[in-house]
J.: 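The structure is given below, and queries will be raised subsequently.
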Amino acid sequence: QVQLVESGGGLVEAGGSLRLSCASSRRTFSNNGVGWFRQAPGKEREFVAAINWRGSTSSYGDSVKGRVVISRDNAKNRVFLQMNSLQFEDTAVYYCAAARSSLAATTRDQYQYWGQGTQVTVSA
């Protein structure tokens, strides 16, 4: 079992930045691909970004490409999501997830463990 805890969410003005963090309870987190997804009220959970186990490969959703950067620090069992130029449409609960493989997976079914989420609210 891998427990994931997200932090760093909050309220920010449009155009601002936030850095989300995902912490794992297990060292083997470093062997997994890790992704970020988000879910706005009334909408399906959407892929945001993913990174492979080494941090050498990353993928981004079309709606955030060019505005977010995913990174990881395996020594600290943490994955980060730097979000810039935030827009009102970025308002959602953001979830961290550990993949079943070591790859930067982009679909929900490829993820096995999920955190509880952190709220990001962007004021227009």
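Counting begins at 1 with the first residue of the sequence. Model, not experiment: these values are computed from the prediction.
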J.: Check for a donor-acceptor pair, side chain of Thr91 on one end and backbone N or O of Val122 on the other, with a separation under 3.5 Å.
T.: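 Yes, the answer is positive, given that a donor and an acceptor are paired below the 3.5 Å cut-off.
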
J.: Can you check side-chain hydrogen bond (donor to acceptor under 3.5 Å, both in side chains) on Arg67 and Ser85, steps first, answer last?
T.: CA-CA 6 Å; Arg67 298 189 297 117; Ser85 302; over 6 Å; no

J.: Taking side-chain hydrogen bond (donor to acceptor under 3.5 Å, both in side chains) as the criterion, tell me which of Ser24, Ser30, Ser71, Ser21 meets it with Arg78.
T.: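 Of Ser24, Ser30, Ser71, Ser21, side-chain hydrogen bond (donor to acceptor under 3.5 Å, both in side chains) with Arg78 is met by Ser21 alone.
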
J.: Should the heavy atoms of other residues, nucleotides or ligands under 6.0 Å from CD of Gln119 be counted, would the total exceed 12?
T.: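 Correct, the count exceeds 12.
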
J.: Can you tell me if Asp73 uses its side chain to pair, donor with acceptor, with the backbone of Ala75 under 3.5 Å?
T.: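 Present.
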
J.: Think Arg45 forms a cation-pi with Tyr95, using NZ or CZ under 6.0 Å from the six-ring centre and within 45 degrees of its axis?
T.: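 Yes; both conditions hold, so Arg45 lies above the ring face of Tyr95.
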
J.: Can you give me the closest heavy-atom contact between Trp36 and Ile70, atom names plus distance?
T.: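 Trp36 and Ile70 have their closest heavy atoms at CD1-CD1, 3.6 Å.
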
J.: So does Ala99 get a backbone contact from the side chain of Asn32, meaning a donor-acceptor N/O pair under 3.5 Å?
T.: yes

J.: If only atom types and distance count, is the side chain of Arg54 paired as donor or acceptor with the main-chain N or O of Ser102 below 3.5 Å?
T.: no

J.: Tell me if a side-chain donor or acceptor on Thr57 pairs with a main-chain N or O of Asn52 at a distance below 3.5 Å.
T.: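 Side chain of Thr57 to backbone of Asn52, a donor-acceptor pair under 3.5 Å: no, none is there.
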
J.: Out of curiosity, does Val79 fall in the hydrophobic cluster containing Val68 (side-chain heavy atoms, cut-off under 4.5 Å, transitive links)?
T.: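 The answer is yes; both residues are in one hydrophobic cluster.
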
J.: Are Val48 and Tyr113 grouped together when hydrophobic residues (ILVMFWY) are joined by side-chain heavy atoms under 4.5 angstrom apart?
T.: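 Per the 4.5 Å side-chain linkage, Val48 and Tyr113 are co-clustered.
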
J.: On a heavy-atom basis, which atom in Gln39 and which in Lys43 lie closest, and how many Å separate them?
T.: NE2-O, 3.1 Å

J.: Tell me, do Arg72 and Val34 make a side-chain contact under 4.5 Å, heavy atoms counted?
T.: yes

J.: Kindly work out whether a path of hydrophobic side-chain contacts (I/L/V/M/F/W/Y, heavy atoms less than 4.5 Å apart) joins Leu81 to Val69.
T.: yes

J.: I'd like to know if the side chain of Asn74 reaches the main chain of Asn77, judged simply by a donor and an acceptor atom lying under 3.5 Å from each other, with no hydrogens or angles considered.
T.: no

J.: Show, in sequence, the C-alpha distance, side-chain angles and deciding distance for Met83 and Val64, and conclude whether the side-chain contact (heavy atoms from CB on, under 4.5 Å) test is met.
T.: CA-CA 8 Å; Met83 302 191 295; Val64 300; over 6 Å; no

J.: Sequence neighbours left out, cut at 3.5 Å: what donor-acceptor pairs do the side chains of residues 5-18 make with other protein atoms?
T.:
unit_1, atom_1, unit_2, atom_2, d
Glu6, OE1, Gln116, N, 3.2
Glu6, OE1, Gly117, N, 2.8
Glu6, OE2, Cys96, N, 2.8
Glu6, OE2, Gly117, N, 3.2
Ser17, OG, Asn84, OD1, 3.0

